Amino acid sequence: MTAAVSFGLPFPAKILWPNGRGHWAEKARAVKSARQSAWAAALAAGVKSLPLGYPFAIAVTVHPKTRNAIDRDNCVAALKSYLDGIADALGVDDRTFDTPTISFGEPIKGGLLSLTLTVSPHSRTGE
């Protein structure tokens, strides 16, 4: 049995990307906003229905703002605040997440992240 939940999130703010520059307070506000957005979206999508005690696989389809190339590693780093918010919604530590699988979709004005959180009961965490 595999349980999954899918939902969308806004494209991460420029300051959340590894090469983003800005004042520390601006970054703190962006981190807080992204974390709260992910928490709310995850709860609205029904993540509380997922069984706990198993690893979570996260597949992310990045719909960039433009056709400019985006580095996969930078995408994972830019997702950190979102992953923290999803972990908050689940009531788990984010170390229960496998490294997100990143794929790229067609550009969308403003950008978009489509996430699918999957639970695999074949191996329990902590074993």
Side-chain angles (χ1 to χ4, degrees):
M1 177 187 105
T2 301
V5 171
S6 296
F7 54 98
L9 290 170
F11 199 76
K14 184 177 182 178
I15 198 163
L16 296 178
W17 292 81
N19 296 326
R21 301 287 182 258
H23 191 271
W24 63 266
E26 179 187 357
K27 182 170 183 176
R29 281 190 297 275
V31 165
K32 183 176 182 178
S33 175
R35 191 171 185 157
Q36 289 175 337
S37 294
W39 173 81
L43 286 179
V47 295
K48 285 290 193 183
S49 66
L50 297 174
L52 300 179
Y54 299 98
F56 293 92
I58 299 179
V60 181
T61 301
V62 178
H63 295 278
K65 295 177 179 185
T66 66
R67 291 204 177 274
N68 294 342
I70 297 176
D71 185 73
R72 241 177 252 282
D73 294 337
N74 286 347
C75 286
V76 174
L79 289 172
K80 174 65 176 144
S81 299
Y82 285 144
L83 297 179
D84 289 342
I86 295 166
D88 291 345
L90 285 164
V92 300
D93 191 289
D94 65 352
R95 70 181 151 184
T96 61
F97 297 153
D98 293 335
T99 302
T101 303
I102 306 292
S103 60
F104 295 97
E106 287 298 311
I108 294 176
K109 185 175 182 176
L112 176 71
L113 302 177
S114 299
L115 286 83
T116 301
L117 185 66
T118 307
V119 178
S120 177
H122 300 295
S123 62
R124 291 179 80 67
T125 57
E127 291 182 0

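Source: prediction; values computed, not measured. Positions are given from 1 along the sequence.
Across all non-hydrogen atoms, the minimal contact from Ala3 to Leu50 is CB-CD2, 3.7 Å. Looking at every heavy atom in both residues, Thr96 comes nearest to Val92 through OG1-CG2, 3.6 Å. Leu9 approaches Ser37 most closely through the heavy-atom pair CD2-O, 3.9 Å. Heavy-atom minimum distance, His63 versus Glu106: ND1-O, 3.0 Å. When all heavy atoms are compared, the tightest approach of Val60 to Pro100 is CG2-CB, 4.3 Å.
Cluster membership for Ile58 and Ile70, using ILVMFWY side-chain heavy atoms within less than 4.5 angstrom, is shared. Hydrophobic clustering places Leu113 together with Phe104 (ILVMFWY residues linked when any side-chain heavy atoms are closer than 4.5 Å, directly or through intermediates). Both Val47 and Leu52 are part of a single hydrophobic cluster, where members link through side-chain heavy atoms under 4.5 Å apart.
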Margin query: Before you tell me yes or no, could you show the steps for Thr101 and Ser103 under side-chain contact (heavy atoms from CB on, under 4.5 Å), namely the whole-Å CA-CA distance, both residues' side-chain angles and the distance that decides it to 0.1 Å?
Written below: CA-CA 7 Å; Thr101 303; Ser103 60; 6.0 Å; no
Please list every donor-acceptor pair under 3.5 Å in which a side-chain atom of residues 13-32 meets a protein atom from a residue at least two apart or in another chain.
{"residue": "Trp17", "atom": "NE1", "partner": "Pro12", "partner atom": "O", "Å": "3.2"}
{"residue": "Arg21", "atom": "NH1", "partner": "Asn19", "partner atom": "O", "Å": "3.4"}
{"residue": "His23", "atom": "ND1", "partner": "Ala25", "partner atom": "N", "Å": "3.0"}

Side-chain donor-acceptor contacts of residues 74-91 below 3.5 Å, not counting sequence neighbours, with atom names and distances?
{"residue": "Lys80", "atom": "NZ", "partner": "Asp84", "partner atom": "OD1", "Å": "2.8"}
{"residue": "Lys80", "atom": "NZ", "partner": "Asp94", "partner atom": "OD2", "Å": "2.6"}
{"residue": "Tyr82", "atom": "OH", "partner": "Pro10", "partner atom": "O", "Å": "2.7"}
{"residue": "Asp88", "atom": "OD1", "partner": "Arg35", "partner atom": "NH2", "Å": "3.1"}
{"residue": "Asp88", "atom": "OD2", "partner": "Arg35", "partner atom": "NE", "Å": "2.7"}
{"residue": "Asp88", "atom": "OD2", "partner": "Arg35", "partner atom": "NH2", "Å": "3.2"}

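Partner Ser6 forms a side chain to side chain donor-acceptor pair (under 3.5 Å) with one of Thr118, Thr116, Thr61 and no other, that one being Thr116.
For Phe7, the ring-ring contact (aromatic ring centres under 6.0 Å, His included) criterion is met by no residue, not counting sequence neighbours.
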